[in-house]
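Everything numeric here is computed off the predicted structure, so don't read it as measured data. Each chain gets a letter, A, B and so on, in the order its sequence line appears, and its residues count up from 1.
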Amino acid sequence: MTEPTVSPPITLSIAAVERDTGLSKDTLRVWERRYGFPAPERDALGERAYPFRQVEKLRIVRRLLDAGHRPGRIVPLALESLRELAEQTVDQPPRAPAAVADDGAIGALLQLIRAHDVVGLRAALQRLLADAGLSRFAADVVSPLASAVGDAWMRGQMEVFEEHLFTEVAQNVLRHALVMLPPLAQGRPRVLLSTLPGEQHQLGLLMAEIVLALEGCHCVSLGAQTPPWDLVQAAVAVDADIVALSFTGAMGPNPIHDGLAELRAKLPPRVGLWAGGTVPVLQRRPIAGVEVFHGVEQVPAALRRWRGQV
Amino acid sequence: MTEPTVSPPITLSIAAVERDTGLSKDTLRVWERRYGFPAPERDALGERAYPFRQVEKLRIVRRLLDAGHRPGRIVPLALESLRELAEQTVDQPPRAPAAVADDGAIGALLQLIRAHDVVGLRAALQRLLADAGLSRFAADVVSPLASAVGDAWMRGQMEVFEEHLFTEVAQNVLRHALVMLPPLAQGRPRVLLSTLPGEQHQLGLLMAEIVLALEGCHCVSLGAQTPPWDLVQAAVAVDADIVALSFTGAMGPNPIHDGLAELRAKLPPRVGLWAGGTVPVLQRRPIAGVEVFHGVEQVPAALRRWRGQV
Amino acid sequence: MTEPTVSPPITLSIAAVERDTGLSKDTLRVWERRYGFPAPERDALGERAYPFRQVEKLRIVRRLLDAGHRPGRIVPLALESLRELAEQTVDQPPRAPAAVADDGAIGALLQLIRAHDVVGLRAALQRLLADAGLSRFAADVVSPLASAVGDAWMRGQMEVFEEHLFTEVAQNVLRHALVMLPPLAQGRPRVLLSTLPGEQHQLGLLMAEIVLALEGCHCVSLGAQTPPWDLVQAAVAVDADIVALSFTGAMGPNPIHDGLAELRAKLPPRVGLWAGGTVPVLQRRPIAGVEVFHGVEQVPAALRRWRGQV
DNA sequence: ATAGGTTTTGTCAAGCTTTTGTACAT
DNA sequence: ATGTACAAAAGCTTGACAAAACCTAT
């Protein structure tokens, strides 16, 4: 471990605050000039370092902004006034042996997507699922199919809406399967699943959830785009042993790396942090205390390791 | 820190009041001129600042308006008179079918969310679904629950991650039900469903899809955040008769209005455009060629109309 | 503040009364001229202002109208007379609670059976189930359909194997739904379900099991044709509070009567004995200690009674 | 039920100022 | 990182208007 033994006073970088609050860096700087808030300290390098309390206030400001308030009117208010205001404001109506699906099968599925045959696609997926079972279905069908769709889109051979269509049908089938799974006695580890802001894709998450549930874990999924600070709160609230995140490359290397590092720093040390997805940066720049997965098939082994340690 | 030590008395901006009460800014201003109420104070910049008590009264007025009263008769009344009036007035249309889930049931579900009991929440939802049937489940359980969660979040009584958690579980249950629905012979109309970029929430979409499917439509959902141009492409590709979009207010009035207008202009005229969601702008600024829905329960009637026309 | 300090007496505008009572504005005005009631006051602007007590009376009048009375005969009556009348009048089924399956739907299902279209029949049933929910599905679809099939068979319009085909498909759909129902924490009462030897039909049993499970009972079903003595043994073994039996008339009056009497004698007194089915003998010759049901819709009320007693 | 007259009421427009996020240049 | 410039968005006011609601009488 390379972590320092003494913790510096807790402050966030401007990028971290952007992720946390959804306020752009530009906005943060311009508010500082115009309203005198936030008033970040400066670190050794002269970069903005936002104390935690200010970030807290920024989060509330953000919520009130969404409710129709304007920055100039609320940014100068004291934290308590904001809390009170928030309470009074009501929102109106926010890879396995004997691959089940060889390239031919994937090709056939791609054809169905290109033909926009929703019914046929769903039927084909359900059929493969029933035949192969959940874990192999996730690993041998959905995973490669998602990659194939992504590739095709990159090459301009597939429209945006066709990718959406595929994602939607696949989600339906996977979530259906998830609900069909009989709930297991509340097992360990307890895993919290989500993606970071900026990462929309939930498919990887769903597959991970399925594999974990099959292995007897207690899963709590928060869907896509949960801000880091909320993840930390949630991890504590549901007593999670592991926080699992999924990435697809939609986020860019730096945000991924920084986001993970930030989250690792904020999470209690006893909570594991797992990151999955076929993104180069995950492999190239390992982060201390973050376990990286390149595919769902690695999950069972990691679980065995976890259970052995505890 | 430049924060003031004393908090000014708490007031809401006109935009905040609009979101809170559903009364348009224009209406608020014109009432002020005509009836002398509301009588907002002015802040240092001369902008209207509505004291909380007046907003409270406005909320009641709004309810009475829906019950058939007219502004001129009730706006000048004192708050107490309005309260009395509200109690005596039956605000539901003559005979509402016995709601499946009363406030108690919704409260119980909220408790499960706050307790982060994923398993219990799912079980409760499934049980209600099985008992009530899909359409009533969507209208009487999921819809009000989603509103309640939104409210609680606004008031700061619910964390972001708890909202995520609820959304995730509800999606699982709804998608599961959707898959269980046996596919009908390819019916008309063919409906393409999505949300515009900026609108993340899919729950409304899912409920719409379910109701439509029950009514015998052929549904193709693209999930959330499909850019307008891709929607047009998709509509042509899947030979859609109707494009249906869902909104929650996360987008802001103007983007919604402009997005709809743009889409309407680009779509072939023979393709209908339906927009649903509890957003003031949808009610206030009708767009030629866009049909607006305030709840899933309006869908069957609209479908009958469509089928009658064609 | 411009609010008046004294509240005027509370009255409703004509539109409010329309929404409240469901009587059209025109109707209200015409009654006023013809019968001298209602007799609204006038406000400063000459608009009708209905005192609350008159609205109260109008609500009752409306109810009586629905029950078949005619305006000219009841509008002139005093409020007390109306109250009396309302109590005497049997509450007409106000609005058939949206019968899910009307005769037409049942007819369509019969057609599918006659066409031996197993797939279509199952799809149709599942669709109705999803739409209506379990309890209404059992009461409004399966029950009448089973009767219709029985009738058709009696009249020689349906073959034996067609009846079997129907039974099989319906059982599959119901059993599936039962499995999907998330199990509740082991509730009371504990109910043991079966039929007596000679009674093969399980459909009624299944429907009863579903309704009971929905109401939170713990159900143990033994399938068809369990001999009385084994039933007694089973009741003790599973600690049952109630033994529920289903009949269809395949057994003949005497065996039914004697079987029930024998069972009642052998069962511990604290165990309830419930018998359901559309068989004349159940109604004609009541047996001490045996509760008789003519349809699944009676079950919830009986359960409430049971829970009240214990 | 329909027709015709009056009042009520929400929305829109024009012309203006202030606020606010982003883009660009330093 | 900072500062400037700019366009979009949001506010405000006055005035006008058309749709909706209400009334009476036929």
Side-chain angles (χ1 to χ4, degrees), chain A residues 13-15 18 21-35 37 40-43 45-49 61-62 65 67-76, chain B residues 11-19 21-35 37 40-50 61-62 64-76 251-258 280-287, chain C residues 11-19 24-34 40-50:
Chain A
S13 73
I14 192 169
E18 176 179 24
T21 61
L23 300 165
S24 83
K25 291 175 202 159
D26 285 319
T27 304
L28 288 168
R29 283 192 279 255
V30 103
W31 281 7
E32 183 179 336
R33 184 151 36 105
R34 288 186 186 149
Y35 315 120
F37 181 90
E41 302 157 15
R42 298 297 173 135
D43 64 9
L45 300 150
E47 300 198 347
R48 284 172 174 76
V61 167
R62 173 59 202 252
L65 237 52
H69 291 269
R70 293 172 67 189
R73 311 258 304 109
I74 54 171
V75 170
Chain B
T11 57
L12 304 199
S13 73
I14 193 170
V17 175
E18 177 180 22
R19 299 219 177 181
T21 61
L23 300 165
S24 84
K25 290 175 221 197
D26 282 320
T27 303
L28 288 169
R29 285 192 276 253
V30 99
W31 281 8
E32 184 179 336
R33 191 168 13 141
R34 289 188 184 145
Y35 315 119
F37 182 91
E41 302 157 15
R42 298 296 175 134
D43 64 9
L45 301 147
E47 300 195 351
R48 286 171 175 77
Y50 294 84
V61 167
R62 172 59 203 251
L64 290 170
L65 237 51
D66 290 341
H69 291 270
R70 292 172 67 190
R73 310 253 307 111
I74 54 171
V75 169
M251 267 180 80
N254 280 353
I256 293 180
H257 189 269
D258 297 352
V281 70
L282 286 177
Q283 310 171 35
R284 261 208 324 276
R285 296 168 60 188
I287 304 171
Chain C
T11 57
L12 304 199
S13 72
I14 193 170
V17 175
E18 178 182 28
R19 300 221 180 179
S24 86
K25 291 174 216 191
D26 288 319
T27 305
L28 288 169
R29 284 193 276 254
V30 138
W31 281 7
E32 182 179 338
R33 186 152 38 115
R34 290 196 188 133
E41 301 157 16
R42 296 297 175 133
D43 64 8
L45 300 147
E47 299 195 351
R48 278 167 245 266
Y50 294 83

| field | side chain to side chain contact (heavy atoms under 4.5 Å, CB included) evaluation trace for B:Val61 with B:Val75 | value | CA-CA 7 Å; B:Val61 167; B:Val75 169; 4.2 Å; yes

| query | Which pair of non-hydrogen atoms, one from A:Arg62 and one from A:Gly22, has the smallest distance, and what is that distance? | reply |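 A:Arg62 and A:Gly22 have their closest heavy atoms at NH1-O, 3.0 Å.
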
| message | Checking B:Asp43 against B:Thr11 for the side chain to side chain contact (heavy atoms under 4.5 Å, CB included) test, could you report, in this order, the C-alpha distance in whole Å, the side-chain angles of both residues, the deciding distance, and whether it holds? | response | CA-CA 9 Å; B:Asp43 64 9; B:Thr11 57; over 6 Å; no

In whole angstrom, what separates [X]'s [atom1] from [N]'s [atom2]?
| X | N | atom1 | atom2 | value |
| --- | --- | --- | --- | --- |
| C:Asp43 | D:dT8 | CG | C1' | 12 Å |
| A:His69 | D:dT20 | NE2 | P | 13 Å |
| B:Trp31 | D:dT9 | CH2 | C1' | 10 Å |

| query | So, does the side chain of B:Arg34 form a donor-acceptor pair with the base of D:dG10 at under 3.5 Å? | reply | yes

Show the distances under 3.5 angstrom between N or O atoms of the protein and N or O atoms of nucleotides 22-26 of chain E.
residue : atom : partner : partner atom : Å
E:dC22  : OP2  : C:Lys25 : NZ           : 2.3
E:dC23  : OP1  : C:Arg48 : N            : 2.7
E:dC23  : OP2  : C:Arg29 : NH1          : 2.7
E:dT24  : OP2  : C:Arg48 : NH2          : 2.6

| query | At under 4.0 Å, does any side-chain N or O of A:Thr27 touch on OP1 or OP2 of D:dT22? | reply |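 Affirmative; the distance criterion is met.
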
| message | Check this one for me: any side-chain N or O of A:Tyr35 less than 4.0 Å away from OP1 or OP2 of D:dT19? | response | no

| field | B:Glu32 bridged to B:Arg42 by N-O distance under 4.0 Å | value |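 Salt bridge between B:Glu32 and B:Arg42, a charged N being under 4.0 Å from a carboxylate O: yes.
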
| query | Are A:Lys25 and A:Glu47 ion-paired here, with the side-chain N under 4.0 Å from a carboxylate O? | reply | no

| query | Taking the side chain of A:Ser24 as its heavy atoms from C-beta onward, which of D:dT9, D:dG21, D:dT22 lies nearest to it? | reply |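 Given the options D:dT9, D:dG21, D:dT22, the side chain of A:Ser24 is closest to D:dT22.
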
| said: Would the distance check show the side chain of B:Arg73 and the main-chain N or O of C:Ser13 forming a donor-acceptor pair, the cut-off being under 3.5 Å? | reply: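 It does not hold such a pair.
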
